Amino acid sequence: MDKSKPAGHIAPYPHAAAGWGALKQVAINLVREKVGGGNYKTLLAQNQPDGFDCPGCAWPDREHASTFEFCENGVKAVAAEATSKRVRADFFAAHTVSELLAQSDYALEQHGRLTEPMLYDAASDRYLPVAWDAAFALVARHLKALPDPNQAAFYTSGRTGNEAAFLYQLFVRAYGTNNFPDCSNMCHEPTSRGLPATVGAGKGTVTLEDFEHADTLLIFGQNPATNHPRMLGELRECAKRGAAIVSINPLRERGLERFTSPSHPLEMLSNSSTAIGSLFIQPKLGGDFALIKALAKRTLELDDAAVAAVAAAGRAGLAGAARVLDVDFIAEHSNGFAAFAADLRRQDWGQLVEESGVAREQIEQLAQVYVKGERVIATWGMGLTQHKGAVATIRMLSNLMMMRGNIGRLGAGLCPVRGHSNVQGDRTMGIEEQPTAAFLDRLGQVFGFAPPRAHGYDVVATIEAMLAGRVKVFFGMGGNFAMATPDTPQTFAALRACELTVHVATKLNRSHLVHGRAALLLPTLGRTEIDLQHGVAQGVTVEDSMSMVHLSYGMNTPASPQLLSETAIVARLAEATLGKAPVDWAWYGADYARIRDAIERVFDDFHDFNARVAKPGGFHLKVASRAREWRTASGRAEFLVCAVDTDTPIHRAKAKHGARLMTLMTARSHDQYNTTIYGMDDRYRGVFGMRRVVFIHRDDLALLGFAAGQMVDIVSVWDDAVERRADGFMLVEYDIPRGCLGAYFPETNALIPLASVADGAGTPTSKSIPVLLRAAA
Ligand SMILES: Nc1nc2c(c(=O)[nH]1)N[C@H]1C(S)=C(S)[C@@H](COP(=O)(O)OP(=O)(O)OC[C@H]3O[C@@H](n4cnc5c(=O)[nH]c(N)nc54)[C@H](O)[C@@H]3O)O[C@H]1N2
Ligand SMILES: Nc1nc2c(c(=O)[nH]1)N[C@H]1C(S)=C(S)[C@@H](COP(=O)(O)OP(=O)(O)OC[C@H]3O[C@@H](n4cnc5c(=O)[nH]c(N)nc54)[C@H](O)[C@@H]3O)O[C@H]1N2
Ligand SMILES: [Mo]
């Protein structure tokens, strides 16, 4: 590993987020990606009715948007797919797999689009061309040879459209397993597991319309300027209206301070910008649970004060102040409030301050903002989900919102902000290792087969099963399993222990190089490309983060005539494996509208699917909690008592190592899409030309006896004998709470122990890793 000083530099970013910087970056990207002339027009068709859904993120689009919503990172995602560079058979002939493994993730991405199916040849350590039919026959042979279908696992990344996802889960269940690890397991799983127990549905309750009416926004653990740039447009409008916007984040992310809108020419010309954040609260990593519980406690105290004031005023014959709690909501809609309130009253303030890392005065200030809001939206991203206590944190947030009836009414609600553009839709379609019995019953009835009942493996369980030899075939529908997952050396060993690994992909990545004894690489169409089946262009449907379902049509000529759509790959693999049972796969693959009809038969909420989705903008998929219909066991929204966890791996490591123990978060730079590295800058955080950096507070630099710019190795602290380390990172002094560090993934994934997951969700704790720093060897 190269431990010499990186070539990059650090320079604070003084400008607003987006604006001219973003446009310049867009131009650079188009040139770098050598997007062919005809493909420029694709950018204009992005997120427009009859265009394609942006493969960038899951933030929704304004219906009938009249101007192109310009988004730098959306353009990067499109440009990466529309690149004119190609990886052909001659490329693989020229490079052994071992050679390619030595290249960086950035270099692998730069080679361009995959063009034909390839089969690994161990004798030459190269990928060689293979015919599609032979490829499907090979996978089918492996699958049929397994003594138990549960020895295969089927991964999904969140770009896969609904039609392919539906057919895929049908095939896998007809084959006989529920082993559906998916990117969601590493992402918003704590949301999907946390919310049903409280509001009865695992999805957000707001739509864009609610943003037009909200007067207060609480943004937890999200970096929208980089990861959901179109969200800034909504925030800008809210800010202009005078809404209070609070960012709760250990880092003061740039896009939440000031934003120049590229779709507002005046702001661009005058170099002016809209101030966005009204208040910044910087909890320590993983401190959100204690902070939210503190807000709930304070809200209760303020209500007690209001009740006392009313009583006093009444004695004096005056009208008193209004209640702080929404007593009507609590009485009519909820369950468990008395126990919840009793727990809040018992809760010690000191513990909340200590565990959140936020001073009591600041908590009280934030509580004032919260109770002043008549219509409050709470949004959250990976800053809440990738912790041991993530499920409890999300439930506590739901509790807090319910106290003031901020769920299921105009301008208010819960807003988990999902990542991949169709990650929510894939789950809706049944990509789910823990399917409900009701869903399986229905699937079995509609298609006349008996789906497997046993729950399957999620991402972490799949890696463990591969290591233990219990999973022998790994099939990846998109994504980059080897690099997105924790404990990198273990994951590599797991993949290498497989009899067969198969990846359906658009571009080369490391997962294709860390392979099983047999390995296939199956190239597929991206969402921007025309998908012709029997001469007819097919659209695919996607569901965004706010449950809007719409059609997406590709416009570009496919990167290679040999590419198959994901749906076609599933249909042909299913037929090769199962014949025409329980359905005629090819018949479905020939016309995606038939798959939508089948989806409608399995899910009531998709009634009239083809007709409704044909309308520009599509339709909103019902979320019961939005309508204050509570699909919980009690039929009411549940207040859930949750205690502060003071026995986490972080607490235990601190007890052992004292103040030198640091908590590390791993997040995204501005120039990456998850494991895809587009460039080496993190502009808004002032990092240029390098990625191996660690953000650290100046007092911690002093405490540890380091200086900014010095190189360190990072070592995790865990209770097994495995040494987990990541070497050669430059220390960058940063405005981050004491005891906390920040770095980028995937370079740091080797530090996350496989067993370190969110309670009740299995999500790797990518934002709270106990580590020690050592001067680089
Ligand atoms: N351009 C681009 N767009 C993307 C992606 C991408 O990689 N690139 N990825 C997509 C995907 S799959 C996803 S899931 C989303 C991810 O989007 P985000 O949720 O924004 O993801 P991250 O960059 O991991 O970091 C989240 C934020 O959490 C903060 N944070 C870290 N720990 C804590 C904590 O303990 N508490 C609080 N309150 N905050 C914390 C970090 O400072 C950071 O600002 O973006 C999607 N969109
Ligand atoms: N340490 C740490 N680890 C993390 C995270 C973190 O914050 N910290 N975040 C986690 C999160 S939120 C997520 S969602 C996961 C992401 O995990 P994944 O979804 O597995 O990873 P991606 O990097 O999004 O996958 C990129 C690859 O997908 C393929 N691809 C792109 N478009 C298409 C397509 O249309 N079809 C097909 N078949 N393939 C396509 C390309 O080959 C590309 O190389 O990573 C997780 N890992
Ligand atoms: Mo994600």
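Just so you know, these numbers come straight off a predicted model, no measurement behind them. Indexing begins at 1, ligand by ligand and atom by atom, following the structure's order.
Those atoms of ligand 1 with a heavy atom of His228 less than 4.0 angstrom away are 15 (C), 17 (O), 45 (O), 46 (C). Under a 4.0 Å criterion applied to the non-hydrogen atoms of Gly286, ligand 1 contributes the atoms 34 (C), 35 (O). Numbered from 1 in the order shown, with element, the atoms of ligand 1 that lie under 4.0 Å from a heavy atom of Asn73 read 1 (N).
Taking the centre and axis of the six-membered ring of Tyr673, the NZ or CZ atom of Arg159 falls inside the cone set by 45° and 6.0 Å. For the pair Arg692 and Phe729, the cation sits on the ring face: its NZ or CZ lies under 6.0 Å from the ring centre, inside 45° of the axis.
Where the criterion is an N or O separation shorter than 3.5 Å, residue side chain and backbone included, Asn223 meets it with respect to ligand 1. Distances between N or O atoms of His387 and those of ligand 1 include at least one value under 3.5 Å. Inclusion of Gly56 in the set of residues having an N or O under 3.5 Å from an N or O of ligand 1 is not warranted.
Remark: side-chain polar atoms of His188 are paired, donor with acceptor, to backbone N or O of Val417 under 3.5 angstrom. A donor-acceptor contact shorter than 3.5 Å links the side chain of Arg510 to the backbone of Gln103. In this structure, Thr666 contributes its side chain and Ser766 its backbone to a donor-acceptor pair below 3.5 Å.
The contact shell of ligand 2, taken as protein residues with any non-hydrogen atom closer than 4.0 angstrom, comprises Tyr155, Ser157, Arg159, Cys183, Met186, Cys187, Met382, Gln386, His420, Gly478, Gly479, Asn480, Ala484, Val504, Ala505, Thr506, Lys507, Asn509, Thr524, Glu566, Thr666, Arg668, Tyr673, Asn674, Thr675, Thr676, Phe745, Asn749, Ile752, Ser766, Lys767.
Residue contacts with ligand 1, taken as heavy atom pairs separated by less than 4.0 Å, do not involve His670 at all. Proximity of Asp288 to ligand 1, defined as any heavy-atom pair under 4.0 Å, is confined to the side chain (atoms from C-beta onward).
Judged by distance alone, the side chains of Tyr553 and Asp531 never bring a donor and an acceptor atom under 3.5 Å apart.
The pair Glu189-Arg427 counts as a salt bridge, with a side-chain nitrogen and a carboxylate oxygen less than 4.0 angstrom apart. For the pair Glu72 and Arg230, the salt-bridge criterion is not met [side-chain N within less than 4.0 Å of a carboxylate O].
Note: Tyr155 and Phe475 fail the aromatic proximity criterion, with ring centroids not under 6.0 Å apart. Note: Phe91 and His111 meet the aromatic proximity criterion, with ring centroids under 6.0 Å apart.
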